[in-house]
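Note that the numbering runs from 1 along the sequence shown for the chain. For ligands, and for the atoms within them, numbers begin at 1 and follow the listed sequence.
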Amino acid sequence: MSSITLNLKNVTADLKEGTRLVAISKYHPAESIQEAYDAGQRIFGESHVQELMAKQQTLPADIEWHFIGHLQTNKVKYIAPFISLIHAVDTPKLLRELNKQGEKNERVLHCLLELHIATEETKYGFSPEELTAYLETDEWTTLKYVSIDGLMCMATNTEDEEQIRSEFRRAKSIYDDVRARFFATQPSFCELSMGMSHDYPIAMEEGSTLIRVGSKIFGERVYDAQDNS
Ligand SMILES: *Cc1c(COP(=O)(O)O)cnc(C)c1O
């Protein structure tokens with residue numbers, strides 16, 4: 001058995017009921033994705049638009065592609081025709097663009113709002129206060145071609161498991177509050193995307209429904225993907 005197939009089996013065996021695996025294939029070649037596909041994996045995540053488009057054109061049509069990186073508004077048009085879920089929507093402006101491109105393509109674009117809970121000074125994501133303030137505006141309810149299906153977050157990049165756990169716990173609590181307050185009549189709001197190679201077991205214990213695992217399946221990437229270009 002190849003290492004990708006074996007790694008995939010190991011991660012899949014760890015999945016808790018109610019959690020799905022997004023195999024993060026950024027910077028890995030199409031052949032590696034095909035291998036994971038042949039082993040049964042169907043959901044793949046990419047963080048660069050051009051790389052995603054090239055892979056989408058050559059790989060099996062029934063792959064469910066997720067976009068997990070920072071998405072620039074001027075690139076939404078390229079992925080709108082086929083993308084299944086956009087994980088890290090971080091501005092009202094991006095939501096409006098999703099709506100526009102969804103309408104053009106006559107399909108509802110599904111997305112998650114990125115919640116910024118890590119202590120790190122990352123540039124992206126809604127703070128808990130910004131998230132509530134935005135949802136209170138009701139603007140999002142007028143976006144007919146956008147479905148907000150949940151929240152996404154990243155924990156601080158630290159070895160401190162208690163810190164990671166408390167951040168995931170906080171995200172789950174915010175997710176529950178937001179769901180009760182703004183999405184009580186929308187069962188499609190049901191996803192909490194959290195957990196990566198080094199912290200997905202903790203994320204699942206704290207209520208993740210989508211884990212985003214890359215290096216533990218495909219091996220180390222040559223470049224790091226945090227550049228978000
Ligand atoms: C790259 C990336 C992942 C996967 O990271 P691994 O540590 O390789 O599992 C998950 N989420 C996001 C947002 C990423 O950019």
Asker: Can you tell whether the side chains of Glu46 and Lys55 come within less than 4.0 Å, N to carboxylate O?
Answerer: yes
Asker: For Arg212, take its heavy atoms, then give the atoms of ligand 1 lying under 4.0 Å from any of them.
Answerer: 4 (C), 9 (O), 10 (C), 11 (N), 12 (C), 13 (C)
Asker: Side-chain contact, heavy-atom cut-off 4.5 Å: His116 with Cys153?
Answerer: no
Asker: Check whether any N or O atom of Ser215, backbone or side chain, sits under 3.5 Å from an N or O atom of ligand 1, and answer yes or no.
Answerer: yes
Asker: For a ring pair (Phe, Tyr, Trp, His ring centres under 6.0 Å) check, start with the C-alpha distance between Tyr175 and Phe183, then their side-chain angles and the critical distance, and finish with the verdict.
Answerer: CA-CA 10 Å; Tyr175 165 83; Phe183 296 92; 9.3 Å; no
Asker: Between Lys172, Arg170, Lys16, Arg165, which is the residue that forms a salt bridge (Lys or Arg N to Asp or Glu O under 4.0 Å) with Glu206?
Answerer: Arg165
Asker: Taking the side chain as every heavy atom from C-beta outward, state whether Glu35 and Leu8 have any atom pair closer than 4.5 Å.
Answerer: no
Asker: Output the list of atoms in ligand 1 that are nearer than 4.0 Å to some heavy atom of Gly214, sorted by atom number.
Answerer: 4 (C), 6 (P), 8 (O), 9 (O)
Asker: Side chains of Asp38 and Gln34 only: does a donor on one sit below 3.5 Å from an acceptor on the other?
Answerer: yes
Asker: Does the N or O separation between Lys216 and ligand 1 drop below 3.5 Å for any pair?
Answerer: no
Asker: Using a heavy-atom cut-off of under 4.0 Å, does the side chain or the backbone of Lys26 touch ligand 1, or both, or neither?
Answerer: side chain
Asker: With heavy atoms of Val213 as the reference, note each atom of ligand 1 found under 4.0 Å away.
Answerer: 9 (O)
Asker: Against heavy atoms of Ser197, which atoms of ligand 1 measure under 4.0 Å?
Answerer: 6 (P), 7 (O), 8 (O), 9 (O)
